[in-house]
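Read through the structure below, which is laid out as structure tokens, and then see the notes.
In what follows, chains carry the letters A, B, and so on, assigned in the order in which the sequence lines appear, proteins first and then strands, with residues in each chain numbered from 1. Just so you know, these numbers use all the heavy atoms, side chains as well, and skip hydrogens, waters and symmetry mates. Remember, it's a predicted structure, so these values are computed and weren't measured experimentally.
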Amino acid sequence: MACAESRTKTIEVGDYDLDATLTSGQAFRWRKKDRSWIGIVQGRWVRLTPAESAIVADAATDIGDWSWLTDYLQTGLDLGRVIQSFPQDPAMNAAVTACRGLRLLRQDPWECLASFILSSTKQILQIQQIVSLICQRFGAPITMGDGQEPAWAFPAPERLAGLSETELRACKMGFRAPFLLCAARAVAEGKLDLKNLNRLSIESARAELVKLHGVGEKVSNCVLLFAFGRQEAFPVDVWIAKALRQLYFPRRKLSLKQLQAFATKHFAPNAGYAQQYLFHYVRMKGIATRR
DNA sequence: TGCCAGGTAATGT
DNA sequence: ACATTACATGGC
């Protein structure tokens, strides 16, 4: 009976803050409707509703094996153990207190790579808009739940590889269009093997990613962290750089490279997880105090 | 309106 | 090696 097919599944999990997780700038396709979150995972429509020590998931079709979703949500992770591994300092403690229940997702590598190629010097809201546009225009239509609006899968690399730069620029991505096109072609042609990237050491995997035009240290670390589960990867963006300088080095001026080296060491072994707590913490504070 | 956005590559010291 | 700048587009 555990294998019975159903459209609904209650995933037992404590310490899971869906709002924090889905608004923390790691994934860009989730939309909130009432108390629920609606999104597309592995080409399937799904609605997630928080419950007491659980997440209730509704799919558009009967599902036997829900591992595509539990893998994505990482509901099996022992969050307490990860948080225990964080360094004990005032900034980290404040972030953990403020963001308890924030999780890292395990995303599809291509969607993650493409999204973060589009992310450079864009606000998260704008990244969401661009991603939404390319999905609508180039993604495969998805089987929908009753009364739900139409939805599309994230476009496959083969699909984007066949487009012109002009068609991509029409999705408001500006100078990032050729970067996305090159990445799509590299994956479609097998020059970048995302399927087997996670077999490599983190340094080798990063080196492969950085070969792509438009992919540097930060974007490669996002992909390693958010898609490949390399929790030692620590993406340094403008928010994190500002936070590290303020919280840890208030009167020294460190370069990005120095910040990167400090953070990777200081927050190990789950530096990337710690990074997500700091990122969400300072960003929520920053947005809340903005006027 | 002008500043800035989950950066990167090219160019200038 | 390290600092500066161009790059599209749009939110606030």
Side-chain angles (χ1 to χ4, degrees), chain A residues 20-30 95 99 102-105 107 111-134 137 164-183 186 192 206-228 230-231 233-247 252-264 267 271-291:
Chain A
T21 300
L22 300 180
T23 61
S24 64
Q26 39 178 334
F28 302 101
R29 300 199 64 194
W30 291 93
C99 308
L102 172 63
R103 302 277 188 141
L104 284 181
L105 302 167
Q107 301 183 56
E111 175 171 342
C112 186
L113 171 62
S115 299
F116 279 97
I117 284 173
L118 298 173
S119 76
S120 69
T121 55
K122 278 290 181 195
Q123 296 179 0
I124 287 177
L125 178 59
Q126 297 178 337
I127 303 167
Q128 291 170 346
Q129 291 167 348
I130 297 168
V131 168
S132 173
L133 269 177
I134 61 173
R137 294 190 184 174
S164 68
E165 189 182 313
T166 309
E167 288 173 291
L168 287 177
R169 278 184 188 264
C171 298
K172 322 276 190 193
M173 66 184 74
F175 63 83
R176 303 155 195 83
F179 300 158
L180 181 59
L181 194 52
C182 284
L192 175 61
R206 188 184 289 115
E208 286 302 306
L209 292 168
V210 168
K211 284 180 185 170
L212 297 173
H213 213 59
V215 176
E217 199 77 4
K218 192 270 177 183
V219 169
S220 62
N221 278 327
C222 285
V223 176
L224 289 167
L225 183 61
F226 300 141
F228 291 113
R230 296 298 185 96
Q231 292 184 14
F234 191 105
V236 178
D237 76 304
V238 289
W239 287 93
I240 283 290
K242 197 189 308 176
L244 290 178
R245 286 176 173 135
Q246 268 177 19
L247 299 170
R252 282 212 286 156
K253 87 176 200 29
L254 300 196
S255 70
L256 281 182
K257 181 157 286 215
Q258 291 172 305
L259 289 174
Q260 177 80 69
F262 161 76
T264 305
F267 298 102
Y273 230 106
Q275 174 275 159
Q276 198 64 11
Y277 271 79
L278 288 171
F279 177 81
H280 192 61
Y281 172 58
V282 297
R283 191 167 161 265
M284 290 306 96
K285 257 196 334 184
I287 291 175
T289 57
R290 184 173 301 169
R291 188 81 13 208

Gap between atoms CE and C1', on A:Met173 and B:dG7 respectively (whole Å):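 Going from A:Met173 (CE) to B:dG7 (C1'), I get 16 Å.
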
Between A:Ile127 (CD1) and B:dA5 (P), how many Å, whole number?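 Taking atom P of B:dA5 as the reference, CD1 of A:Ile127 is at 12 Å.
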
Heavy atoms under 4.0 Å, any strand shown: does [X] hit a base, just sugar-phosphate, or nothing?
{"X": "A:Gln276", "result": "base"}
{"X": "A:Phe226", "result": "base"}
{"X": "A:Ser24", "result": "base"}
{"X": "A:Lys172", "result": "sugar-phosphate"}
{"X": "A:Gln258", "result": "nothing"}

For A:Ser120 and A:Gln129, take the nucleotide of DNA chain C holding the closest heavy atom to each; which residue's nucleotide lies nearer the 5' end?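 Between the two, 5'-proximity favours A:Ser120.
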
Between A:Arg169 and C:dA8, is there a contact of a side-chain N or O with OP1 or OP2 at under 4.0 Å?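 The answer is yes; a side-chain N or O of A:Arg169 sits under 4.0 Å from OP1 or OP2.
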
Just by distance, do the side chain of A:Gln276 and the backbone of A:Leu104 share a donor-acceptor pair under 3.5 Å?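 Absent.
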
Measure from the side-chain N and O atoms of A:Gln26 to the backbone N and O of A:Arg103, and report whether any donor-acceptor pair falls under 3.5 Å.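 Side chain of A:Gln26 to backbone of A:Arg103, a donor-acceptor pair under 3.5 Å: yes, one is there.
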
Do [X] and [Y] make a side-chain contact, defined as non-hydrogen atoms from C-beta onward lying under 4.5 Å apart?
{"X": "A:Leu259", "Y": "A:Ile240", "result": "no"}
{"X": "A:Ser115", "Y": "A:Gln128", "result": "no"}
{"X": "A:Leu22", "Y": "A:Leu105", "result": "yes"}
{"X": "A:Gln246", "Y": "A:Val282", "result": "no"}
{"X": "A:Lys122", "Y": "A:Ile130", "result": "yes"}
{"X": "A:Glu217", "Y": "A:Val236", "result": "no"}
{"X": "A:Val219", "Y": "A:Leu212", "result": "no"}

Between protein and nucleotides 9-13 of chain B, what N or O pairs are separated by less than 3.5 Å?
| residue | atom | partner | partner atom | Å |
| --- | --- | --- | --- | --- |
| B:dA9 | OP1 | A:Gly214 | N | 3.2 |

Nucleotides 2-4 of chain C: which of its N/O atoms have a protein N/O under 3.5 Å away?
none

Donor-acceptor pair under 3.5 Å: do we get one between [X]'s side chain and the base of [N]?
{"X": "A:Gln275", "N": "B:dG6", "value": "yes"}
{"X": "A:Lys218", "N": "B:dT8", "value": "no"}
{"X": "A:Gln126", "N": "B:dG6", "value": "no"}

Is the aromatic ring of A:Phe279 within stacking range of B:dG6, meaning centres under 5.5 angstrom and planes under 30 degrees?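 Yes; centroid distance and tilt both under limits.
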
Closest approach of A:Leu256 to A:Arg245 (non-hydrogen atoms, all atoms of both residues):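 Result for this residue pair: N-NH2, 3.9 Å.
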
When rounded to the nearest Å, what value does the distance between P atoms of C:dG10 and B:dA9 take?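 The same atom, P, in both gives a distance of 24 Å.
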
Please report the distance separating the P of C:dT5 from the corresponding atom of B:dG6, rounded so that it comes out in whole Å.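 Those two atoms are separated by 22 Å.
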
Give a yes or no on whether the ring-centroid distance for A:Phe234 and A:Phe279 is below 6.0 angstrom.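 Aromatic pair excluded; centres sit 6.0 Å or further apart.
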
Nucleotide nearest A:Phe175 (side chain, heavy atoms from C-beta), chosen from B:dG6, C:dA8, C:dC12: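 Selected nucleotide (nearest to the side chain): C:dA8.
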
Step by step, would you call A:His280 with A:Thr21 a side-chain contact (heavy atoms from CB on, under 4.5 Å)? CA-CA 9 Å; A:His280 192 61; A:Thr21 300; over 6 Å; no

Given pairs defined as Watson-Crick or G-U wobble with both distances under 3.5 Å, what dot-bracket annotation applies to DNA chain C, with ( ) intrastrand, [ ] crossing, | other strand and . unpaired? |||||||.||||

